[in-house]
A.B. asks: 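A single structure is presented below for examination.
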Amino acid sequence: MSAQSERSHEETLRDERRHCPQCGFIISNPMTDRCPRCFHHVARVETNCGSCTWQGNCEFAHLVQEKRDTKQ
């Protein structure tokens, strides 16, 4: 894996971080819809992992797939 692709992956993960509108806590888990500090609702960010080269080792991608499988 090249340094460029690793940096791009890190940049992508940084872009997925959200701030709680109530307490300002930085939420790095893209799956949660509640702040772990104050339990305030935080909107999820829609992500498109289909073309990500890290998908095979990504916990987030596995959770998304499991969620899709349970809906069917």
Side-chain angles (χ1 to χ4, degrees):
M1 185 99 17
S2 70
Q4 177 63 32
S5 62
E6 283 186 40
R7 185 175 38 183
S8 297
H9 184 248
E10 289 300 318
E11 289 171 355
T12 302
L13 292 176
R14 259 195 309 275
D15 289 344
E16 291 176 356
R17 290 184 185 145
R18 298 167 289 151
H19 290 83
C20 174
Q22 183 162 324
C23 71
F25 186 76
I26 297 173
I27 302 167
S28 59
N29 180 351
M31 293 296 288
T32 187
D33 59 354
R34 296 280 179 183
C35 174
R37 181 187 282 168
C38 70
F39 208 62
H40 187 268
H41 177 75
V42 179
R44 289 189 192 170
V45 176
E46 188 70 32
T47 59
N48 180 9
C49 297
S51 62
C52 179
T53 57
W54 294 73
Q55 189 170 5
N57 295 324
C58 180
E59 181 181 334
F60 176 67
H62 290 291
L63 291 171
V64 169
Q65 187 60 47
E66 285 176 9
K67 196 170 197 174
R68 285 182 186 154
D69 292 344
T70 58
K71 286 183 179 180
Q72 295 175 357

A.B. asks: Would you name the heavy atoms of Arg17 and Ile26 that are closest together and state the gap between them?
C.D. replies: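 Minimum heavy-atom separation between Arg17 and Ile26: CD-CG2, 4.0 Å.
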A.B. asks: Quick check: closest heavy atoms across Val42 and Cys20, and the distance to 0.1 Å?
C.D. replies: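 Closest approach of Val42 to Cys20, heavy atoms only: CG2-CA, 4.2 Å.
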A.B. asks: For residues 33-41, dump all side-chain donor-acceptor pairs below 3.5 Å to protein atoms at least two apart in sequence or in another chain.
C.D. replies:
{"residue": "Arg34", "atom": "NH1", "partner": "Phe39", "partner atom": "O", "Å": "3.3"}
{"residue": "His40", "atom": "NE2", "partner": "Gln22", "partner atom": "OE1", "Å": "3.4"}
{"residue": "His41", "atom": "ND1", "partner": "Asp33", "partner atom": "O", "Å": "3.3"}

